[in-house]
A.B. asks: 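Got a structure for you, written out below as structure tokens; questions coming shortly.
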Amino acid sequence: MSRLSRVLRGVSLVAAQMGKEAVPELRRAVLVAQQGLAVPLRAAAPPQPERARSHETRAAPAARAASADVAAPPSVPERRPPAGAPPLAEPLVIATPAAAVDGGGSAPRANAAPAPDEPPAPADWAAEPPSAPELREEAVPASSLGRAFHFGMLGASVLTSGFGELARRRMASVLGGESAAGGAPESARTAFVNERSAEQMARTLTKLRGAALKLGQLLSLQDEGAMPKHLQAIFAKVRASANIMPAAQLHTTISSELGTDWRERVRSFQETPLAAASIGQVHRVVLRDGRLAALKVQYPGVAASVDSDLANLRRLAHYTGALPKTLFVDNIIKVARDELLAECDYVAEAASTERYGELLRCAMAADPARLGGKFATPAVVRELSSARVLTTELMLGEPIEAVARMSVGRRNAVASRVLNLTMRELFEWRFVQTDPNWGNFLYDAKRDLVSMLDFGAARAYPKPFVDNYMRMVDACTRRDRAACIDASIALGFLTGEESVEMLDAHVAAGFVLGEPFGAAGPYDFAAAQISARVREHVPTMMKLRLCPPPDEVYSLHRKLSGAYMLCIRLGATIDCREVFEEIRDGYDFSPAAAVAGADGGAGAAKLAAGARGRDEPALV
């Protein structure tokens, strides 16, 4: 079937989903295809039944909110931050320490500054902290019909723009324009993901949140060589999205989960959210006992629409041909579904938060020096938590990237601590917090404490996978080609039938990634240019690989990539080999270790038992 036939078949499918509103756009798209004329894209109007109005929260005098799923009151009061709250554009850092493994405590404060005895960072690393994105109110479509409508309108816009771009290229080539002058014609695939459609894609994915936003975030973490530049730009915008629910939808959602009397159980509730992400948004509350807490509210309809949203996204990608086949989009969608369903379960996230905190406390009690410093996790407020609302104590500090403005010694120490913890999460606990968002790591310079947030993406890894991953990392640090290939086949990275060219690229990329743990002495992450060197091999691997990566790798490599990027961002020069060799030399490959550490890893069980002075499993 030709590309044109395939796309026209997609138009019919999109039309069936959208109804009469999309017919003019679809007719225009077909006319463009038939006549070969480059017709400017007309922006699709928002669906009338939703009646949601987007606006800048700080600039609007009032928040008007209504949707097909939530009835808005006649008027909604202006959503002003309470007195003393930080401006929205500043790092969100007001907090109290909770469940800190050092057992310490201090009065709440904001924006921790470098310790007085610390000299300022060199000029080349004294970067300004990034300002928070502007928050915009926009109702989240909760019904399956409303969400399908938005996907349909997005499909119509992409197809219209794609046909117009193909026609423009054809005319330019015939008339000796830019395509002819530029040499080989651009591929038809890139025509459907062009600058004209990029903004519409970003707007739609941001509005829908949930599966749409999550898949965009997963795709944004793929290497630059795997996707067209326009797609990279789209998913970068999606990743930085900060849309929030209108007040009416917010309060209806909380009341449906906690009961209509939930406001009586808190002293105060900050209407303006501290943060917004793909699954939900976070608000500051003051509990009745005076503690500050973070109340996370899941967007309505997100959990119920996971399968339909992903099916629509897959259909859109298939009929536009926007993504290369070797990206194995079906596998990414399958992994995204599993992760989304897990992250939508706030009861499970509460359990993961407590489990991770227990692992940290056991590790610190057994040997505080092994983690290289102090960590903290938030306590869960059970009486204000449910399947779709999660409340935890607020943590003290500022986003960890602010350490880039501190001294060389402080930057190296913090980077080494985070990388050390990442290795122990995988190889000793087999339970990893896989979300590398720097906003999930707060640093309190006064107490030299790293606090960790958001355990919705925390997951356990089976011991056979971790065994083979240890073998692969060890082979890469020793630059052992045969051992690297054997471990990669055992893991599922390779089938064993790959060409020599593919094997060369895979092994070379692995050696680069294993380099920090095999280097003698301090390793300079910024000077090593790890990303650029790995990127050299991506085109070959994208062209020649025969299978998708193992499912576990999507979340794990997201975490490892985040740890490497933090080391680069902080300009760290640290000794990684000593820590890795200590972990490797103590690693237990025996099957008995899997039984002993079934709930958190054999290393965690040993640490917990050692901390209590008796031989029993950890309570995690």
A.B. asks: List the steps and the verdict of side chain to side chain contact (heavy atoms under 4.5 Å, CB included) for Gln281 and Lys296.
C.D. replies: CA-CA 6 Å; Gln281 60 191 51; Lys296 180 164 65 173; over 6 Å; no

A.B. asks: Restricting to non-hydrogen atoms, name the atom on Glu257 and the atom on Val389 that form the minimum distance, rounded to 0.1 Å.
C.D. replies: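 Taking Glu257 first and Val389 second, the nearest heavy atoms are CB-CG2, 3.7 Å.
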
A.B. asks: Supply the atom-to-atom distance Asp367 CG to Cys362 SG, rounded to the nearest 0.5 angstrom.
C.D. replies: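 The CG atom of Asp367 sits 13.5 Å away from the SG atom of Cys362.
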
A.B. asks: If we ignore hydrogens and angles and just use 3.5 Å, is the side chain of Arg411 paired with the main-chain N or O of Met406 as donor and acceptor?
C.D. replies: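 At least one qualifying donor-acceptor pair exists.
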
A.B. asks: Within a strict 4.5 Å, meaning less than it, do heavy atoms of the Val282 and Leu295 side chains meet?
C.D. replies: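 No; the side chains remain at least 4.5 Å from each other.
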
A.B. asks: Quick one, Arg417 with Asp448, criterion salt bridge (Lys or Arg N to Asp or Glu O under 4.0 Å). Give me CA distance, side-chain angles, the key distance, then yes/no.
C.D. replies: CA-CA 11 Å; Arg417 188 188 314 180; Asp448 189 25; 2.7 Å; yes

A.B. asks: Hey, does the side chain of Asn412 reach the backbone of Val414 with a donor-acceptor pair shorter than 3.5 angstrom?
C.D. replies: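 Absent.
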
A.B. asks: Return the set of residues passing side chain to side chain contact (heavy atoms under 4.5 Å, CB included) with Glu515 (not counting sequence neighbours), or none when no residue passes.
C.D. replies: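 Here the qualifying residues are Tyr523, Ala528, Arg533.
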
A.B. asks: Pair Arg370, Glu428 - check salt bridge (Lys or Arg N to Asp or Glu O under 4.0 Å), show working.
C.D. replies: CA-CA 12 Å; Arg370 292 184 82 245; Glu428 292 186 348; 2.6 Å; yes

A.B. asks: Just by modelled atom types, is the Tyr443 backbone N or O under 3.5 Å from a matching donor or acceptor in the Glu398 side chain?
C.D. replies: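 No: the side chain of Glu398 does not pair with the backbone of Tyr443.
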
A.B. asks: Compare all side-chain heavy atoms of Met565 with those of Ile568 and state whether any distance is below 4.5 angstrom.
C.D. replies: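 They are in contact (side-chain heavy atoms under 4.5 Å apart), so the answer is yes.
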
A.B. asks: When you measure from the side chain of Lys374 to the backbone N and O of Arg447, does any donor-acceptor pair fall under 3.5 Å?
C.D. replies: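 Pair found, side chain donor or acceptor close to backbone of Arg447.
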
A.B. asks: Between Tyr356 and Arg361, do the side chains contain a donor N or O and an acceptor N or O under 3.5 Å apart?
C.D. replies: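 No, because no side-chain N or O of Arg361 sits under 3.5 Å from a partner of the opposite role on Tyr356.
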
A.B. asks: Are Glu501 and Lys543 close enough, and set up right, to give a salt bridge (Lys or Arg N to Asp or Glu O under 4.0 Å), and what steps lead you there?
C.D. replies: CA-CA 10 Å; Glu501 185 181 3; Lys543 179 182 178 181; over 6 Å; no

A.B. asks: Who are the side-chain hydrogen bond (donor to acceptor under 3.5 Å, both in side chains) partners of His506, not counting sequence neighbours?
C.D. replies: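 In terms of side-chain hydrogen bond (donor to acceptor under 3.5 Å, both in side chains), with neighbours along the sequence ignored, His506 is linked to Ser488.
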
A.B. asks: Measuring from Leu421:CG to Leu426:CG, what's the distance to the nearest 0.5 Å?
C.D. replies: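 Going from CG on Leu421 over to CG on Leu426, the span is 11.5 Å.
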
A.B. asks: Please work out which of the three classes, parallel, tilted or perpendicular, describes the rings of Phe580 and Phe427, given edges at 30° and 60°.
C.D. replies: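 The arrangement is perpendicular - the two ring planes meet at more than 60°.
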
A.B. asks: Between Asn440 and Met452, is there a side-chain heavy-atom distance shorter than 4.5 Å?
C.D. replies: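 No, every pair of side-chain atoms sits at 4.5 Å or beyond.
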
A.B. asks: Assess whether side chain to side chain contact (heavy atoms under 4.5 Å, CB included) is satisfied between Arg382 and Glu354, documenting all intermediate values.
C.D. replies: CA-CA 11 Å; Arg382 288 284 181 175; Glu354 293 174 336; 2.6 Å; yes

A.B. asks: Does some side-chain heavy atom of Arg481 sit less than 4.5 Å from a side-chain heavy atom of Asp504?
C.D. replies: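 Yes, their side chains come closer than 4.5 Å.
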
A.B. asks: Go through the structure and list residues passing salt bridge (Lys or Arg N to Asp or Glu O under 4.0 Å) with Asp551, not counting sequence neighbours.
C.D. replies: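 Result, salt bridge (Lys or Arg N to Asp or Glu O under 4.0 Å) vs Asp551: Lys334.
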
A.B. asks: What closest approach, in Å, do Gly514 and Cys476 show between heavy atoms, and which atom pair accounts for it?
C.D. replies: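 Looks like CA-CB, 4.1 Å.
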
A.B. asks: Measuring only between side-chain heavy atoms, which start at C-beta, is Ser451 closer than 4.5 Å to Phe441?
C.D. replies: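 With C-beta onward as the side chain, the pair stays apart.
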
A.B. asks: Just wondering, do Leu442 and Ile400 contact through their side chains at under 4.5 Å, heavy atoms?
C.D. replies: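 A side-chain contact under 4.5 Å is absent here.
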
A.B. asks: With sequence neighbours excluded, tell me which residues meet side-chain hydrogen bond (donor to acceptor under 3.5 Å, both in side chains) with Ser499.
C.D. replies: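 Per chain and number, Ser499 pairs via side-chain hydrogen bond (donor to acceptor under 3.5 Å, both in side chains) with no residue.
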
A.B. asks: Which pair of non-hydrogen atoms, one from Ala303 and one from Gln298, has the smallest distance, and what is that distance?
C.D. replies: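 In terms of heavy atoms, the two residues are closest at CB-OE1, 3.6 Å.
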
A.B. asks: Can a donor-acceptor pair be found between the side chains of Ser555 and Glu552 at a distance below 3.5 Å?
C.D. replies: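 Looking only at side-chain atoms, Glu552 and Ser555 do not form any donor-acceptor pair under 3.5 Å.
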
A.B. asks: Using the rule given for salt bridge (Lys or Arg N to Asp or Glu O under 4.0 Å), can you reason through Lys559 versus Glu425, listing the C-alpha separation, both sets of side-chain angles and the distance that settles it, and then say yes or no?
C.D. replies: CA-CA 11 Å; Lys559 175 60 178 277; Glu425 283 180 293; 2.7 Å; yes

A.B. asks: Taking side-chain hydrogen bond (donor to acceptor under 3.5 Å, both in side chains) as the criterion, tell me which of Asp474, Asp467, Asn468 meets it with Arg471.
C.D. replies: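 For Arg471, the side-chain hydrogen bond (donor to acceptor under 3.5 Å, both in side chains) check succeeds only for Asn468.
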
A.B. asks: Is there a donor-acceptor pair under 3.5 Å between the side chain of Ser385 and the backbone N or O of Thr391?
C.D. replies: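 Judged by distance alone, yes, a pair lies under 3.5 Å.
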
A.B. asks: Atom CG in Leu390, atom CD in Glu349: separation rounded to 0.5 Å?
C.D. replies: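 Here the rounded value is 5.0 Å.
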
A.B. asks: With Tyr587, which residues qualify under ring-ring contact (aromatic ring centres under 6.0 Å, His included), at least two apart?
C.D. replies: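 Partners of Tyr587 by the ring-ring contact (aromatic ring centres under 6.0 Å, His included) criterion, ordered by chain and then number, come out as Phe589.
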
A.B. asks: Output the distance between atom CZ (Arg558) and atom CG (Asn437), rounded to the nearest 0.5 Å.
C.D. replies: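 It comes to 11.0 Å.
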
A.B. asks: Could you give the distance from CG (Asp524) to CD (Gln529), rounded to the nearest 0.5 Å?
C.D. replies: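 Interatomic distance, Asp524 CG to Gln529 CD, rounded to 0.5 Å: 9.5 Å.
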
A.B. asks: Of Val380, Asp454, Leu453, which is the lone residue that meets side-chain contact (heavy atoms from CB on, under 4.5 Å) with Thr353?
C.D. replies: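 Among the candidates, only Val380 passes.
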
A.B. asks: Judged by atom type as modelled, is there a donor-acceptor pair below 3.5 Å linking the side chain of Arg388 to the main-chain atoms of Asp345?
C.D. replies: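 The answer is no, because no donor-acceptor pair under 3.5 Å joins these two groups.
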
A.B. asks: Between Leu494 and Leu546, does a side chain to side chain contact (heavy atoms under 4.5 Å, CB included) hold up when you go through it step by step?
C.D. replies: CA-CA 7 Å; Leu494 303 172; Leu546 303 179; over 6 Å; no

A.B. asks: Considering only heavy atoms from C-beta outward, does the side chain of Leu560 approach that of His557 to under 4.5 Å?
C.D. replies: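 Heavy-atom side-chain distance check passes, below 4.5 Å.
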
A.B. asks: If you round to the nearest 0.5 Å, how far is CD of Glu582 from CE of Met423?
C.D. replies: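 Here the interatomic distance stands at 12.5 Å.
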
A.B. asks: Could you go through residues 570-578 and list every donor-acceptor pair under 3.5 Å that involves a side-chain atom there, pairing it with any protein atom two or more places apart or in another chain?
C.D. replies:
from: Asp575; atom 1: OD1; to: Arg577; atom 2: N; distance (Å): 3.2
from: Asp575; atom 1: OD1; to: Glu578; atom 2: N; distance (Å): 3.4
from: Arg577; atom 1: NE; to: Glu581; atom 2: OE2; distance (Å): 2.9

A.B. asks: Using a cut-off of 6.0 Å, state whether more than 12 heavy atoms not belonging to Glu383 lie near its atom CD.
C.D. replies: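 Count over threshold, so yes.
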
A.B. asks: For Asp435, is there any backbone N or O sitting under 3.5 Å from a side-chain donor or acceptor partner on Gln433?
C.D. replies: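 Here the side-chain-to-backbone pair exists.
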
A.B. asks: If you take all heavy atoms of Arg569 and Ala404, which pair is closest and at what distance?
C.D. replies: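 Smallest heavy-atom distance, with atoms named: NH1-CB, 3.2 Å.
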
A.B. asks: Between His537 and Ala509, which heavy-atom pair has the shortest distance, and what is it?
C.D. replies: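 It is CD2-N, 4.0 Å.
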
A.B. asks: Provide the closest heavy-atom pair for Tyr461 versus Leu556 in the form atom of the first, atom of the second, distance.
C.D. replies: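 Taking Tyr461 first and Leu556 second, the nearest heavy atoms are OH-N, 3.3 Å.
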
A.B. asks: Could you check if a side-chain atom of Phe455 sits within less than 4.5 angstrom of a side-chain atom of Thr377, using non-hydrogen atoms only?
C.D. replies: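 Yes, their side chains come closer than 4.5 Å.
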
A.B. asks: May I ask you to decide whether Asp338 forms a salt bridge with Arg459, counting only side-chain N to carboxylate O separations under 4.0 Å?
C.D. replies: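 No, no charged N to carboxylate O under 4.0 Å.
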
A.B. asks: Between Leu513 and Val534, does the side chain to side chain contact (heavy atoms under 4.5 Å, CB included) criterion hold? Intermediate values first, please.
C.D. replies: CA-CA 8 Å; Leu513 293 172; Val534 170; 3.9 Å; yes

